Structures are given as structure tokens and as C-alpha cells.
Amino acid sequence: MPEWLQAWMWGTIAGGALVVGCALAWRWRIPPKVVSSVMSFGAGVLISALSFELVEEAVNGGGLWPTIGGFATGALVYVAANFLLARKGAKHRKRSGGKQPSEQEKPGSGTAIAIGALLDGIPESVVLGVGLVTAGAVSPAMLAAVFISNVPEGLSSTAGMKKAGRGAKYVFGVWGGIAVLSGLAALIGFVVLQGAPGEVVAFITAVAAGAILAMLADTMIPEAFEEHHLLTGLIAAAGFLAAFTVDQVGG
């Protein structure tokens with residue numbers, strides 16, 4: 001299979017996990033503590049992946065300074081964009097409780113939530129395509145991390161969307177559209193960075209890592225902490241170890 005097609009396929013599959021989480025939350029009422037537990041685990045998985053799959057590989061492939069610059073850039077851009085979206089009503093887009101505003105309470109919040117969900121998912125998808133550039137194959141650990149973390153994202157956010165009174169057409173449209181765009185982001189990441197210098201690849205990889213860490217702190221971890229408190233750290237540690245084990249075994 002051509003590498004560009006692999007990039008598109010794996011990006012779409014990883015993004016499709018959002019639809020899986022959406023369908024589960026739409027069909028059943030998932031207990032808040034279960035949502036919190038899965039979110040905690042997913043956060044730990046992503047922290048492990050960005051540490052060992054993204055930042056470490058960026059440093060090895062392009063050096064320390066491109067990695068530092070990219071990481072800081074990714075975090076700053078994400079936080080700035082998230083700040084603007086939060087003012088439009090997307091602050092609690094990953095919350096499963098009743099904190100998401102309805103369209104009546106905050107006009108335009110539906111669009112802001114959709115854009116925010118896209119902002120959260122694109123960096124993860126881009127690195128799948130970049131992995132094909134640097135290693136010739138998608139990293140099993142990174143793919144597993146993105147897929148595992150996307151399920152609770154879709155699940156938690158959909159539960160909140162339902163409570164805010166948003167309909168099935170909007171909810172499934174958001175997550176289905178993001179799954180498609182995730183595949184395109186992975187494809188673009190592969191195509192654009194083919195033949196690029198190691199420093200450029202390292203910078204882009206680190207941009208994604210910085211954005212992912214900022215996303216975790218701003219959106220996933222608050223939802224994970226809301227229900228479990230004392231168990232959040234333990235479950236996140238289990239997710240970290242699971243992803244680290246996959247990385248070591250696969251490597």
C-alpha cells in the first residue's frame with residue numbers, strides 16, 4: 001500500500017475513535033465515574049506518547065533547539081486559540097456534565113465547540129503522517145495512544161452535548177467530520193514533510209507535542225479530575241505505563 005494512502009487510512013481510523021465514543025454516549029448513559037476513568041487513562045496514554053514518541057524522536061532527528069522552539073510554539077498557539085474559543089462557548093467542550101452551553105444560552109457556541117474539537121484532534125493526526133516520513137511506518141504506540149484517547153474524548157463531549165440539547169445531526173456531524181479531517185491532516189503531514197530537513201520535521205513534530213500537552217492540561221485532565229479526584233493520578237499512571245510498554249515492545 002502506498003505510504004500516502006497509509007497516512008490517510010491510519011489518520012481516519014484514529015479519528016474514527018471519536019465517532020465510536022460518540023455512538024456509545026449517544027446510545028447509553030455512561031456513568032460519570034466511568035467517563036472520568038477512561039479520560040484519565042487516555043490522558044496518561046497521550047502523555048507517554050508525546051514524551052517517548054514525539055519529543056524524544058524530535059530531539060534525535062533534528063536537535064534540541066528546533067524541538068524546544070516547536071514545542072513552545074505549539075503550546076502557545078493552542079492556548080491562544082483555545083482562549084478565543086472559550087470566550088465563544090467552547091470552554092467545556094470535553095465535559096460530560098451540564099457545563100456546555102446550549103445555542104440559546106450562548107449563540108454560536110455550537111460552531112465554537114466544533115472548531116475546538118477540530119483544534120484538539122488535528123495535532124494528533126498530523127504526527128501519524130509525520131511518523132511515516134521519519135520511520136516509514138506509523139508507530140503502533142502513537143496510533144494506539146491517539147485511538148485510546150479519542151474514545152473518551154468523543155464519549156465525554158457527546159454526553160455534554162446531549163445535556164445541552166444538541167441534536168444527533170449536529171453531534172454525529174461534528175465527530176464524523178473531524179474523523180474525515182483527521183485522515184486529511186495525516187495525509188498532509190506526510191506529503192508536506194517528505195524530503196524536508198530533519199530540523200523542520202523536528203520542529204513540526206514538537207509543535208504537535210506542545211499542542212497536545214496544552215490540550216491535555218486545558219481540556220482532558222479537568223474532566224478526568226472532576227469525578228475521581230484521588231484516583232485520577234493512579235489511572236493516568238496506568239495509561240502512561242500501558243503506552244510506554246507498547247512503545248518498548250513495539251520498538
Side-chain angles (χ1 to χ4, degrees), residues 7 11 14-15 39 42-88 90-91 93-94 112 115-135 138-139 141-143 145-146 149-150 153 178 181-182 184-186 188-225 233 236-237 239-240 243-244 247:
M39 189 70 81
V45 165
L46 273 183
I47 291 171
S48 177
L50 71 88
S51 300
F52 298 105
E53 288 290 320
L54 300 183
V55 174
E56 184 178 34
E57 289 188 6
V59 170
N60 293 337
L64 178 63
W65 294 113
T67 302
I68 291 175
F71 195 92
T73 299
L76 285 170
V77 170
Y78 179 90
V79 169
N82 193 50
F83 175 78
L84 294 175
L85 289 167
R87 297 182 65 181
K88 298 294 184 180
K91 181 178 181 179
R93 60 185 176 273
K94 281 192 175 67
I115 295 173
L118 181 62
L119 174 70
D120 297 339
I122 291 302
E124 302 169 350
S125 303
V126 169
V127 296
L128 294 176
V130 174
L132 278 163
V133 173
T134 57
V138 169
S139 163
M142 192 65 213
L143 179 62
V146 175
S149 65
N150 276 349
E153 285 187 48
I178 292 174
L181 291 173
S182 294
L184 291 176
I188 291 170
F190 171 76
V191 172
V192 170
L193 292 177
Q194 269 193 315
E199 292 81 3
V200 174
V201 175
F203 182 85
I204 298 301
T205 302
V207 165
I212 291 170
L213 183 59
M215 179 271 290
L216 285 168
D218 281 354
T219 62
M220 284 187 73
I221 292 176
E223 167 66 14
F225 183 78
F240 183 97
F244 177 72
D247 175 67

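Everything quoted here is computed from the prediction, not taken from an experiment. We number each residue from 1, following the sequence as shown.
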In a table with atom names and distances, give each donor-acceptor pair under 3.5 Å that connects a side chain of residues 65-74 to protein atoms at least two apart or in another chain.
residue: T67; atom: OG1; partner: A58; partner atom: O; Å: 3.4
residue: T67; atom: OG1; partner: V59; partner atom: N; Å: 3.3
residue: T67; atom: OG1; partner: G63; partner atom: O; Å: 2.8
residue: T73; atom: OG1; partner: G69; partner atom: O; Å: 2.7

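The line from CG of N82 to CD1 of I115 is 12.0 Å long, rounded to the nearest 0.5 Å. For the atom pair L216 CG and Y78 OH, the distance stands at 8.5 Å (nearest 0.5 Å). Taking CD of E199 as the reference point, atom CD1 of I204 lies at 12.5 Å (rounded to 0.5 Å). To the nearest 0.5 Å, the span separating CG on N150 from CD1 on I178 amounts to 9.5 Å. Rounding to the nearest 0.5 Å gives a distance of 9.5 Å between CD of E124 and CD1 of I122.
Between A14 and V146, the shortest heavy-atom contact is CB-CG1, 3.6 Å. Closest approach of G42 and S149 over heavy atoms only: O-CB, 3.8 Å. When all heavy atoms of A209 and V55 are compared, the closest pair comes out as CB-CG2, 3.9 Å. Taking both residues in full, the closest heavy atoms of V45 and G239 are given as CG2-O, 3.3 Å, listed atom of the first, atom of the second, then distance. Counting all heavy atoms, side chain and backbone alike, V130 lies closest to L193 at CG2-CD1, 3.5 Å.
Residues satisfying the side-chain contact (heavy atoms from CB on, under 4.5 Å) criterion with L132, sequence neighbours excluded, are Q6, A7, V138, F190. F244 is linked by a ring pair (Phe, Tyr, Trp, His ring centres under 6.0 Å) to F52, counting only residues two or more places apart in sequence or in another chain. Residues satisfying the side-chain hydrogen bond (donor to acceptor under 3.5 Å, both in side chains) criterion with T205, sequence neighbours excluded, are absent altogether. Scored by the side-chain hydrogen bond (donor to acceptor under 3.5 Å, both in side chains) test, S125 finds S182 as partners (sequence neighbours excluded). Take E57 and apply the side-chain hydrogen bond (donor to acceptor under 3.5 Å, both in side chains) test, not counting sequence neighbours, and it matches no residue. For V127, the side-chain contact (heavy atoms from CB on, under 4.5 Å) partners at least two apart in sequence or on another chain are L54, M142, A208. V192 is linked by a side-chain contact (heavy atoms from CB on, under 4.5 Å) to I188, counting only residues two or more places apart in sequence or in another chain.
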